[in-house]
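Note that the coordinates shown come from a computational prediction; the quantities given were computed from them, not determined experimentally.
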Amino acid sequence: MRTKITLACTECKQRNYNTTKDKKTHPDRMEIKKYCRFCRKHTPHKETK
């Protein structure tokens, strides 16, 4: 079962992306490097509640 998650920028703390993940394959929090339009650069984004 896939669950909805929100990704937040680690530098400016803005919540930029919504996505889904499979809890069986990724039980811990995800971290993906994505573009932040507020910082105007690619930054690591962590999963939030």
Side-chain angles (χ1 to χ4, degrees):
M1 180 177 164
R2 298 188 71 80
T3 56
K4 293 182 182 177
I5 60 169
T6 305
L7 299 174
C9 178
T10 55
E11 292 187 15
C12 66
K13 308 295 189 229
Q14 291 283 334
R15 294 178 178 201
N16 300 329
Y17 293 98
N18 291 318
T19 186
T20 61
K21 77 167 187 174
D22 188 4
K23 287 226 176 183
K24 286 184 181 178
T25 57
H26 299 286
D28 47 341
R29 293 198 175 198
M30 290 176 61
E31 184 172 332
I32 306 170
K33 196 168 192 179
K34 294 184 81 64
Y35 181 77
C36 177
R37 62 185 179 148
F38 302 101
C39 299
R40 294 187 177 150
K41 58 185 176 180
H42 284 85
T43 59
H45 284 66
K46 284 190 176 179
E47 176 185 343
T48 58
K49 290 186 176 182

Peer 1: At what distance, to the nearest 0.5 angstrom, does CD of Gln14 lie from OG1 of Thr43?
Peer 2: 11.0 Å
Peer 1: State the CE-CG distance between Met30 and Leu7, to the nearest 0.5 angstrom.
Peer 2: 6.5 Å
Peer 1: Looking at NZ of Lys13 and SG of Cys39, how far apart are the two atoms once the value is rounded to the nearest 0.5 Å?
Peer 2: 10.0 Å
Peer 1: Where is the tightest heavy-atom contact between Glu11 and Lys41, given as atom of each residue plus distance?
Peer 2: OE1-CE, 3.2 Å
Peer 1: When rounded to the nearest 0.5 angstrom, what distance separates CZ in Arg37 from SG in Cys12?
Peer 2: 10.0 Å
Peer 1: For residues 19-27, dump all side-chain donor-acceptor pairs below 3.5 Å to protein atoms at least two apart in sequence or in another chain.
Peer 2:
| unit_1 | atom_1 | unit_2 | atom_2 | d |
| --- | --- | --- | --- | --- |
| Thr20 | OG1 | Arg2 | NE | 3.2 |
| Lys21 | NZ | His26 | O | 3.1 |
| Lys21 | NZ | Asp28 | O | 2.9 |
| Lys21 | NZ | Glu47 | OE1 | 2.9 |
| Asp22 | OD1 | Lys24 | N | 3.4 |
| Thr25 | OG1 | Asp22 | O | 3.3 |

Peer 1: Of all heavy-atom pairs between Cys9 and His45, which one has the smallest distance, and what is that distance?
Peer 2: N-CD2, 3.5 Å
Peer 1: Which residues pass the salt bridge (charged side-chain N to carboxylate O under 4.0 Å, His left out) test with Lys34, sequence neighbours left out?
Peer 2: none
Peer 1: Taking atom CE of Met1 and atom OG1 of Thr3, what is their separation to the nearest 0.5 Å?
Peer 2: 7.0 Å
Peer 1: Which heavy atom in Tyr17 sits nearest to a heavy atom in Tyr35, and how many Å separate them?
Peer 2: OH-O, 2.7 Å
Peer 1: Spell out, as yes or no, whether a donor-acceptor pair under 3.5 Å connects the side chain of Thr48 to the backbone of Thr6.
Peer 2: yes
